[in-house]
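First the structure, in the form of structure tokens, and then the observations on it.
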Amino acid sequence: MRRVTIPERPDWRARAAEAGFAFHTFPDGPYWDEGAYYAFSLAEIEDDIEAPTRELHALCLAFAERAVRDGAILTSLAIPEHAWDAIADSFRRRDPTLYGRMDLCYGGAGTGPAKLLEYNADTPTALYESAVFQWLWLEDGLARGSLPPGADQFNALHERLIARLAEMGLPGTLAFACFPDAPEDRGTVAYLQDCAVQAGLRAPFVPVEAIGLGGDGRFLGADGRSLDAVFKLYPWEWMFADAFGPAIGASPTRFLEPPWKAILSNKGMLAHLWAMAPGHPNLLPTYFEDDPAKAALGTSFAKKPLYAREGANVLLVRDGAVLERDEGPYGAEGHVRQALAELPAFAGRHALVGSWVVGAEPAGLCVREEARRITTDRARFVPHLITG
């Protein structure tokens with residue numbers, strides 16, 4: 001694994017416009033950054049990222065199997081009791097999952113095994129740019145001769161998303177919901193709508209704030225029509241806290257991701273995984289903040305809220321001194337304390353590897369980087385390739 005600096009394509013913004021990539025730039029700087037790429041060997045991809053991702057996902061499913069039968073576990077995850085049956089029933093039905101993204105601390109061969117920092121199992125973004133635009137970047141770079149001949153990419157996302165949507169047994173119409181004024185969310189949902197259409201489904205958009213509840217318990221769109229199935233880019237903990245939250249379990253409306261994914265997207269899962277598989281090479285020692293066993297971590301650790309997203313309210317401590325912290329709205333629900341694993345730095349930027357799962361299989365990779373040690377929603381997306 002190495003970071004290689006290259007010139008940007010002079011026409012990449014026009015290429016992005018052609019491809020429908022409208023959220024490539026923040027108001028104050030770039031999001032998509034093709035002034036460099038991350039190069040991996042095939043062995044790093046297959047042995048250090050793909051294989052551990054598959055194993056970790058299986059471990060997460062084993063934990064979910066335990067959690068849905070144990071109120072003490074659900075309580076430790078700060079999941080409200082009114083949601084327990086909805087979560088357990090959806091898992092017992094084996095309501096299918098579409099996708100997720102594991103965030104890994106990994107610096108390349110010889111730096112030690114990849115470590116799971118968290119599992120974005122419910123509403124992960126960076127999907128379109130992972131599945132489509134970095135692949136178009138690779139194809140274009142090979143055609144122009146600006147990338148190494150024969151280079152490849154760990155990226156089967158697009159094909160697998162379409163195949164997965166076609167095999168999930170969904171009704172003919174799958175509605176897609178998010179906040180329409182959030183550019184990245186809307187772009188992610190628009191991409192998945194296109195995948196659904198290619199999978200033979202009707203895929204209308206409905207603003208998440210326009211969804212209502214009908215008398216028969218079925219959720220409704222803005223036009224009052226029943227929603228048989230909904231993909232929602234809206235976290236389960238928010239849904240459970242909404243006024244309609246208690247109605248989810250009895251509703252015939254199906255959701256992607258299903259309610260049981262609330263277990264895997266919770267940072268508290270990391271403490272339970274460590275208790276299930278202590279010493280696992282791809283896990284970091286993790287404990288709940290109120291567990292005296294956290295003393296085993298000493299004075300270097302990461303403190304994370306159970307519900308936090310995009311690095312919000314994360315605290316990094318090294319040798320008893322605050323290394324970095326991020327502010328945000330989370331924390332009242334509780335925290336975990338995780339062994340400190342600092343992201344590797346390349347050219348002064350800290351790189352986070354995101355390993356995508358479609359269904360239960362690893363399907364692709366993305367790299368986001370920041371000058372800071374905590375990866376936030378201001379991180380840049382940098383493409384990758386496989387060189388040998």
Side-chain angles (χ1 to χ4, degrees), residues 1-9 12-13 16 21 23-40 44 49 101-112 114-118 120 124-130 133-134 137 182-185 187-188 267 284 299-305 308-331 338-356 365-385:
M1 179 182 179
R2 66 189 190 280
R3 188 181 192 273
V4 180
T5 303
I6 57 170
E8 293 183 347
R9 293 171 295 170
W12 76 260
R13 289 172 180 80
F21 186 15
F23 53 97
H24 55 70
T25 303
F26 295 126
D28 57 352
Y31 167 53
W32 169 266
D33 185 351
E34 61 175 63
Y37 63 82
Y38 281 87
F40 295 83
E44 287 176 324
I49 296 174
R101 190 192 73 235
M102 292 188 180
D103 283 347
L104 305 174
C105 180
Y106 178 70
T111 64
K115 299 291 187 180
L116 178 65
L117 298 176
E118 60 185 68
N120 299 277
T125 51
L127 183 62
Y128 169 80
E129 47 274 43
S130 297
F133 200 67
Q134 71 167 341
W137 164 87
E184 183 180 9
D185 288 5
T188 299
K267 306 296 186 299
L284 291 165
T299 58
S300 297
F301 55 86
K303 183 179 176 182
K304 301 178 177 181
R309 295 170 183 275
E310 302 288 359
N313 298 99
V314 169
L315 170 69
L316 303 183
V317 177
R318 185 206 290 155
D319 297 329
V322 173
L323 187 62
E324 195 167 283
R325 72 167 74 234
D326 196 68
E327 303 302 325
Y330 302 99
Q338 186 181 61
L340 183 65
E342 295 186 53
L343 295 175
F346 297 84
R349 304 191 69 85
H350 297 89
L352 177 70
V353 172
S355 182
W356 289 97
L365 180 151
C366 64
V367 181
R368 291 175 297 149
E369 63 174 26
E370 279 206 55
R372 299 181 58 191
R373 291 175 171 84
I374 297 174
T375 306
T376 71
D377 59 1
R378 310 305 292 173
R380 297 183 181 186
F381 188 105
V382 180
H384 82 277
L385 52 76

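What you see is a predicted model, and the numbers here were worked out from it, not measured in a lab.
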For the residue pair [X] and [Y], establish whether any side-chain heavy-atom pair is separated by less than 4.5 Å.
X	Y	answer
Glu370	Thr376	yes
Glu369	Leu343	no
Phe133	Pro383	no
Thr375	Asp103	no
Glu342	Leu323	yes
Arg372	Asp326	yes
Leu352	Leu117	yes

Any donor-acceptor N/O pair, [X] side chain to [Y] backbone, under 3.5 Å:
X	Y	answer
Ser300	Asp319	yes
Glu129	Trp32	no
Gln338	Leu284	no
Arg101	Thr125	yes
Glu34	Arg9	yes

His24 meets the ring-ring contact (aromatic ring centres under 6.0 Å, His included) criterion, sequence neighbours left out, with Trp12, Phe21
Kindly assign one of parallel, tilted or perpendicular to the pair Phe40 and Tyr106, based on the angle between their ring planes and the thresholds 30° and 60°.
-> parallel
Phe346 and Tyr38 aromatic centres sub-6.0 Å = yes
Drop me the distance from Leu365's CG to Leu104's CG, to the nearest 0.5 angstrom.
-> 8.5 Å
Distance, nearest 0.5 Å, that separates CD of Glu184 from CG of Asp377 = 8.0 Å
State which residues pass side-chain hydrogen bond (donor to acceptor under 3.5 Å, both in side chains) with Asn313; sequence neighbours excluded, sorted by chain then number.
-> none
Can we say Glu44 and Arg2 salt-bridge, meaning some charged N sits less than 4.0 Å from an Asp/Glu carboxylate O?
-> no
Return the minimal non-hydrogen interatomic distance between [X] and [Y], and the atom names on each side.
X	Y	answer
Asp33	Gly35	OD1-N, 3.0 Å
Phe26	Pro30	CD1-O, 3.5 Å
Gly107	Pro344	CA-CG, 3.7 Å
Pro305	Tyr330	CB-CB, 3.8 Å
Trp356	Ser130	NE1-OG, 3.1 Å
Tyr31	Ala126	OH-CB, 3.8 Å

Pair Leu385-Trp137, side chain to side chain contact (heavy atoms under 4.5 Å, CB included): steps then yes or no | CA-CA 10 Å; Leu385 52 76; Trp137 164 87; 3.9 Å; yes
Decide side chain to side chain contact (heavy atoms under 4.5 Å, CB included) for Val317 and Lys303; before the verdict, give the C-alpha distance in whole Å, the side-chain angles of both, and the deciding distance to 0.1 Å.
-> CA-CA 8 Å; Val317 177; Lys303 183 179 176 182; over 6 Å; no
Name the one of Arg368, Arg378, Lys304 that satisfies salt bridge (charged side-chain N to carboxylate O under 4.0 Å, His left out) with Glu310?
-> Arg368
Can you check side chain to side chain contact (heavy atoms under 4.5 Å, CB included) on Val353 and His384, steps first, answer last?
-> CA-CA 10 Å; Val353 172; His384 82 277; over 6 Å; no
